[in-house]
Amino acid sequence: MKKAVEGELAYAYPGMVAVVTSRLGDQRNVMASGWHSYIGSGPAFYGISLREATHSYGLIRESGVFGVHFLPAACSEQIQGAGTLSGRDVDKLSALNLKFDDGEQTGVPILRDAYVAYECRVKDIHEYGDHYWIVGEIVQAYRDDSVFGENGLPDLSKLNLPLYMGRATYRVLDEQAEPRSYWPLK
């Protein structure tokens, strides 16, 4: 039975972790963000939640650009490393062996292993509690069509998705997951 909880309860798992890249001049960084969302279209916007203390926050605030990436389950260790190492102390892109190209519109690193990636220009930054919600307009999108079906959904026979459970634990969504469709409602 459910019971009332004292204090805060932040629970949004399992979920996808977005890998965020940033660039300011010659400085490049990568971090993991568990709190993120596609938030609008026409034009398209994406939001990420970051603490001000992160190295990425300063780079994004100064440069006005960032990248958002979704990596396959084979990259779960790199995703976790992007979320636990500090870009102030180490070149995380090199340390995690994350290969990238500079984005076509903003120059932020676009990770080669990403099956979907967005380049974003910052439109708004707003403080909520101990995090900042950074909204960026998607100015360039990338997709690896080879891992998507004709219906536009990921083909789980070609792409395994990492689901973050919390506390450095991941599960893999793969072709063993039973497909269920609930539309039209019966």
Side-chain angles (χ1 to χ4, degrees), residues 8-24 28-73 75 79 82-83 87 98 100-156 159 161-166 173 180-185:
E8 294 182 17
L9 174 65
Y11 189 80
Y13 306 107
M16 300 289 293
V17 173
V19 175
V20 176
T21 57
S22 52
R23 179 179 183 174
L24 179 62
R28 292 181 178 90
N29 198 37
V30 60
M31 69 167 289
S33 176
W35 298 339
H36 56 90
S37 181
Y38 190 86
I39 54 176
S41 60
F45 290 93
Y46 208 90
I48 56 174
S49 180
L50 304 180
R51 287 180 296 110
E52 184 176 21
T54 65
H55 186 55
S56 291
Y57 175 84
L59 296 177
I60 292 168
R61 185 165 194 99
E62 279 289 311
S63 69
V65 295
F66 63 94
V68 177
H69 307 78
F70 296 95
L71 298 174
C75 296
I79 295 168
L98 289 166
F100 66 90
D101 298 301
D102 291 337
E104 295 177 10
Q105 299 296 318
T106 67
V108 297
I110 299 300
L111 303 178
R112 291 180 188 164
D113 286 333
Y115 58 90
V116 168
Y118 304 125
E119 286 183 76
C120 300
R121 289 197 195 283
V122 173
K123 290 299 178 188
D124 187 44
I125 300 177
H126 195 83
E127 184 178 13
Y128 294 96
D130 63 353
H131 278 65
Y132 282 82
W133 186 244
I134 303 173
V135 176
E137 180 179 349
I138 298 172
V139 295
Q140 183 65 58
Y142 304 86
R143 184 172 90 167
D144 180 353
D145 287 335
S146 72
V147 296
F148 286 85
E150 290 180 17
N151 59 3
L153 298 176
D155 181 342
L156 296 179
L159 176 66
L161 304 175
L163 295 179
Y164 182 64
M165 303 298 290
L173 178 62
R180 296 182 184 162
S181 181
Y182 296 101
W183 193 257
L185 293 177

Just list the side-chain donor-acceptor pairs under 3.5 Å for residues 126-134, sequence neighbours left out, or say none.
none

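Not counting sequence neighbours, the partners of R143 by the side chain to side chain donor-acceptor pair (under 3.5 Å) test are D145. By the side chain to side chain donor-acceptor pair (under 3.5 Å) test, H36 pairs with Y46, sequence neighbours left out. Legend: residues meeting salt bridge (Lys or Arg N to Asp or Glu O under 4.0 Å) with D102, ordered by chain and number and at least two apart, are R23, R28. Shown here are the side chain to side chain donor-acceptor pair (under 3.5 Å) partners of S41, two or more places apart in sequence or in another chain: there are none. For A73, the side-chain contact (heavy atoms from CB on, under 4.5 Å) criterion is met by S76, N160, P162, V172, not counting sequence neighbours. In this view, S56 and N29 satisfy the side chain to side chain donor-acceptor pair (under 3.5 Å) rule, not counting sequence neighbours.
Residue pairs meeting the salt bridge (charged side-chain N to carboxylate O under 4.0 Å, His left out) criterion with at least one member in residues 104-120, sequence neighbours excluded, are D101-R112. Counting only residues at least two apart or on different chains, no salt bridge (charged side-chain N to carboxylate O under 4.0 Å, His left out) pair has a member in residues 50-73.
Atom-to-atom distance recorded for I138:CD1 and K123:NZ is 12.5 Å, nearest 0.5 angstrom. A distance of 5.0 Å separates CE in M16 from CG in L161, rounded to the nearest 0.5 Å. Between the CE atom of M31 and the CG atom of L59 there is a distance of 11.0 Å, given to the nearest 0.5 Å.
Under the 30°/60° scheme for interplanar angles, the aromatic rings of F70 and Y118 are found to stand perpendicular.
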